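One structure below.
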Amino acid sequence: MKRIGVLTSGGDTPGMNCAIRAVFKTGVALGMQVMGIYHGYKGLIEGKVDYLTHEDVENKMHKGGTVLRTARSQEFKTEEGVKKAISVLKAYGIEGLVVIGGDGSFRGCMELVKAGIPAIGIPGTIDNDMGYTDFTIGFDTAVNNVTNEIYKIRDTMRAHDRVGVIEVMGRNCGDIALWAGIGGAADLILVPEMPMQWDEAANKLAQNKLRGKLTSIVMIAEGAGKAEDFAAYVREHTDVEIKATVLGYIQRGGNPSAFDRVLAARLGERAVELLAEGKGGRAVGIRHNTIYDVSLAEAIEVKDEFDYKLYELNEMMAKF
Ligand code: F6P
């Protein structure tokens, strides 16, 4: 394989730039030309393709976002869109493609594979919702971002003897809420994988107050409901004073953690090696600290396992 392409797709994640850099460097090391495709599948359809150079990836790995930009493309979900994308790849002589993104991006990648384009998926999403890999690029940074914010919110909640409920991203996955909750010593974690009735949750906060614990931090994953709605419920049913914060995009930006940088480098390298070995239709991931690969179909199908032990650990610690 002489020329490969790389694109980022879906929600950006800190660490995507490190993965792009690793793809570029590995490609160069293996004697390939590496082309950057800008604005994800949307840009691919529109022919936004250019050679990547050392300048494109130099001094970028510590930055969040993606130098290749990203997008969520509706057109690529159509047969016509996929056809256009393939004709652009052919026109540029791109023989293999690396796609950095979440499960939606992997589905797109599979369409290209079906059409005969060797393509490899690298898991990049802050949500950590891809079951075939222990970690996705960006998750660790998002957890660190959230943990840092929890302590700021706790300071002001404590000053007023209030409860703070903090809503975090993750779509249908509670991992950000769970890990940041443990890292930030949350008193209660509400996640879609462990549905808890709000009356039970409100009751716990009321009990905390009765036993003299006036400040509690509640983490709520967006898949489990809205922080504002939960706060309104607690106000209506208890005498607990509660304030809601939605962290939003600050959890998705900023410098990638060292863990995410290293993960991205390892996954990026393996993705290009697979293309060089003539293996398309694979997704790279990490299991027990070992980089491995599975078929894209399997990567999409494997159900994400929630870490109930970790959840119980928090429950136990919050009791005392
Ligand atoms: O998938 C990543 C993610 O940040 C989710 O956690 C969140 O629900 C969604 O993307 C937000 O999407 P957008 O960037 O389109 O607002």
Side-chain angles (χ1 to χ4, degrees), residues 7-20 38-43 63-77 99-109 121-150 165-181 183-184 189-193 219-230 244-257 260 263-264 267 283 285 296 299-300 302-304 306-307:
L7 63 81
T8 48
S9 164
D12 57 287
T13 67
M16 276 183 165
N17 288 331
C18 308
I20 295 164
Y38 291 79
H39 300 279
Y41 293 120
K42 183 172 176 289
K63 292 194 172 135
T66 158
V67 292
L68 290 177
R69 310 291 187 272
T70 186
R72 301 190 200 276
S73 169
Q74 287 310 316
E75 193 181 356
F76 189 70
K77 290 185 181 151
V99 170
I100 309 166
D103 56 354
S105 309
F106 277 24
R107 278 176 222 282
C109 198
I122 295 182
T125 164
I126 60 166
D127 300 340
N128 206 37
D129 58 352
M130 303 175 88
Y132 83 96
T133 182
D134 289 344
F135 295 105
T136 55
I137 300 169
F139 170 67
D140 183 67
T141 308
V143 168
N144 278 291
N145 286 344
V146 174
T147 304
N148 289 335
E149 299 307 315
I150 292 174
V165 53
I166 305 171
E167 182 184 318
V168 294
M169 287 183 171
R171 287 190 194 277
N172 300 317
C173 179
D175 280 13
I176 297 177
L178 176 65
W179 283 66
I189 301 177
L190 302 174
V191 289
E193 295 90 342
M219 299 304 299
I220 183 165
E222 63 180 353
K226 291 193 178 307
E228 277 297 353
D229 293 347
F230 179 71
T245 305
V246 181
L247 287 186
Y249 294 100
I250 61 161
Q251 59 201 295
R252 214 166 74 183
N255 302 346
S257 66
D260 275 331
L263 177 64
L267 293 174
L296 277 168
I300 292 166
V302 176
K303 207 179 149 301
D304 190 37
F306 185 69
D307 194 337

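Both ligands and their constituent atoms are indexed starting at 1 by order of listing. Bear in mind that the values here come from a model prediction, so they are computed numbers and not experimental data.
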Report task. For ligand 1, find out whether one of its N or O atoms is nearer than 3.5 Å to an N or O atom of G170. Result -> yes
Query - Protein residue, atom and distance nearest to atom 6 (O) of ligand 1, heavy-atom basis - result: D127 OD1, 2.7 Å
Query raised in the report: Which protein non-hydrogen atom lies closest to atom 16 (O) of ligand 1, naming both residue and atom, and how far is it?
Result: Y249 OH, 2.4 Å
Query - Numbering as shown, the atoms of ligand 1 that approach I126 to under 4.0 Å (heavy-atom distance) - result: 4 (O)
Requested in this report: Specify the protein heavy atom at minimum distance from atom 8 (O) of ligand 1: its residue, its atom name, and the distance to 0.1 Å.
Outcome: E222 OE2, 2.5 Å
Query - Criterion side chain to side chain contact (heavy atoms under 4.5 Å, CB included) against I220, the qualifying member of V168, V165, I166 - result: V165
Query raised in the report: In this structure, which one of L267, D129, T13 forms a side chain to side chain contact (heavy atoms under 4.5 Å, CB included) with P123?
Result: L267
Query raised in the report: Which heavy atom of the protein is the closest neighbour of atom 12 (O) of ligand 1, given with residue, atom name and distance?
Result: R72 NH2, 2.9 Å
**Report entry** Under 4.0 Å to a heavy atom of R171 - the qualifying atoms of ligand 1, by number
**Finding:** 1 (O), 5 (C), 6 (O), 8 (O), 9 (C), 10 (O)
Requested in this report: Look at the rings of F76 and Y41 and say which category their plane angle falls in: under 30° parallel, 30 to 60° tilted, over 60° perpendicular.
Outcome: parallel
Report task. Would you confirm whether D12, through its side chain, and T66, through its main-chain N or O, come within 3.5 Å as a donor-acceptor pair? Result -> no
Query raised in the report: Is the side chain of T133 donor-acceptor paired with the backbone N or O of T136 at a distance under 3.5 Å, no angle test?
Result: no
Query raised in the report: Under 3.5 Å, is there a donor-acceptor pair between the side chain of E167 and the main chain of A244?
Result: no
Query raised in the report: What residue and heavy atom of the protein are closest to atom 11 (C) of ligand 1, and at what distance?
Result: R252 NH1, 3.7 Å
